[in-house]
K.L.:
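Mind looking over this structure? Questions follow.
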Amino acid sequence: MERRRAERTSPELSIAELGLGKRMEKLLTEANLSKVGDVLGLLEEKGDDGFTDIKGLGLKALADLKKSLRARGYTLPGDELPAKAQEAA
């Protein structure tokens, strides 16, 4: 079970696996963001502005992306860790 969760939240996961739609996938790929780790790195480094600076992507697309990542179990930069995770840290 833990292995399956690790696979679901791998930074190596292709953005195509998130089901974001062809248009968003194309725009992200053109911006050299082909894996979830690339997207998380951009959000960590530049925040929301780094994403919305990509031509053709705005706040709605950013919200959809974050929603999809959280639904798969990713913790995004700026998100608070769940209480159990904070206790273990």
K.L.:
If every non-hydrogen atom of P77 is compared with every non-hydrogen atom of L40, which pair is closest and at what distance?
P.N.:
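Heavy atoms of P77 and L40 come nearest at CG-O, 3.9 Å.
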
K.L.:
Mind checking the NZ-OG1 spacing from K22 to T29? Nearest 0.5 Å is all I need.
P.N.:
9.5 Å

K.L.:
For K55 and L27, which heavy atoms make the closest approach, and how far apart are they?
P.N.:
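Heavy atoms only, the tightest pair is O-CD2, 3.7 Å.
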
K.L.:
Which of these, D48, L33, D53, sits in a side chain to side chain contact (heavy atoms under 4.5 Å, CB included) with L42?
P.N.:
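For L42, the side chain to side chain contact (heavy atoms under 4.5 Å, CB included) check succeeds only for L33.
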
K.L.:
Can you check side chain to side chain contact (heavy atoms under 4.5 Å, CB included) on L43 and L62, steps first, answer last?
P.N.:
CA-CA 10 Å; L43 289 171; L62 174 62; 4.1 Å; yes

K.L.:
Does the distance from a Lys or Arg side-chain N to an Asp or Glu carboxylate O, for D79 and R70, drop under 4.0 Å?
P.N.:
yes

K.L.:
How close do L20 and I15 get, counting heavy atoms only, and between which atoms?
P.N.:
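Closest approach of L20 to I15, heavy atoms only: CD1-O, 4.3 Å.
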
K.L.:
Can you name the nearest heavy-atom pair linking A31 to I54, along with the distance?
P.N.:
CB-CD1, 3.9 Å

K.L.:
For G56 versus R23, what's the shortest heavy-atom pair and its separation?
P.N.:
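Where G56 meets R23 most closely, the heavy atoms are O-NH2, 2.7 Å.
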
K.L.:
Can you check whether L18's main-chain N or O pairs, donor with acceptor, with S68's side chain at less than 3.5 Å?
P.N.:
yes

K.L.:
Once rounded to the nearest 0.5 Å, what's the spacing between atom CD of E25 and atom OG of S14?
P.N.:
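Answer rounded to 0.5 Å: 7.0 Å.
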
K.L.:
Measure across M24 and D64 and return the closest heavy-atom pair with its distance rounded to 0.1 Å.
P.N.:
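Scanning both residues completely, I find the closest heavy atoms to be CE-CB, 4.4 Å.
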
K.L.:
For the pair F51 and L28, evaluate side chain to side chain contact (heavy atoms under 4.5 Å, CB included) and give the outcome as yes or no after the intermediate values.
P.N.:
CA-CA 9 Å; F51 186 77; L28 290 172; 3.3 Å; yes

K.L.:
If only atom types and distance count, is the side chain of Y74 paired as donor or acceptor with the main-chain N or O of P11 below 3.5 Å?
P.N.:
no

K.L.:
Kindly indicate, with the supporting measurements, whether the criterion side chain to side chain contact (heavy atoms under 4.5 Å, CB included) is fulfilled by D38 and N32.
P.N.:
CA-CA 8 Å; D38 300 332; N32 295 319; over 6 Å; no

